[in-house]
Amino acid sequence: MEKKVAEMLNEQINKEFYSAYLYLDIANFYSTKGLDGFAGWFEIQAKEERDHALLFYKYLHNNDECVTLQSISKPEQLFDDDLSAPLKASLEHEKYVTGLINAIYAAALKADDFRTVQFLDWFVKEQGEEEKNSLDLITKMQLFGSDTKGLYMLNSELAGRTYTAPSLVI
Ligand code: FEO
């Protein structure tokens, strides 16, 4: 594997674990607000991000590349009492991650590394879904979140999210 592509894939392990940490921090925020459904939704999101990190980890090992684990940054977002702010931060973060995936994809293509391109295809699709999920949450919050009954119903809906392992098997 080209050195640059391997380095970017290694870096992505850290970015995905940071995503997990960020979403756990958001779950933590909603927990302190008594919104257990929102908290549960983001706890599951954190698990998915951990899964993503492990997929990059496994892919590098499967291709005889070394993995170097780096320290994970502290989530710096402070949301005060704005219940919508974490949802907006989440969408912005997903757009950022999409950019990272696209950059690795471009580097792999440039290196004629079609195996990595094929591996990343799943993530390209996944990012589309994650951005849509984040946007849908913002829209629902705008529509229903300003009224206590609506917020209660939305919290109940989000509590129904269940964890499923990633469909990508490597
Ligand atoms: Fe692993 Fe939400 O991107």
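Start at 1 and go down the list; that is how both ligands and their atoms are numbered. Reckoned from all heavy atoms, side chains included, excluding hydrogens, waters and symmetry mates.
- The backbone N or O of Ser71 lies less than 3.5 Å from a partner atom in the side chain of Asn14, making a donor-acceptor pair.
- Between the side chains of Tyr30 and Asn155, no donor N or O sits under 3.5 Å from an acceptor N or O.
- A donor-acceptor pair shorter than 3.5 Å can be found between the side chains of Tyr59 and Thr116.
- Residues Glu130 and Gln45 have side chains that bring a donor and an acceptor to within less than 3.5 angstrom of each other.
- Take atom 1 (Fe) of ligand 1 as the corner point: the lines to ND1 of His52 and to OE1 of Glu16 open at 100°, to the nearest 10 degrees.
- Among the atoms of Glu130, an N, O or S atom is found under 2.8 Å from atom 2 (Fe) of ligand 1.
- Backbone or side-chain N, O or S atoms of Glu48 do not reach atom 2 (Fe) of ligand 1 at under 2.8 Å.
- Taking 2.8 Å as the criterion, Glu49 counts as a coordinating residue of atom 1 (Fe) of ligand 1, since one of its N, O or S atoms falls below it.
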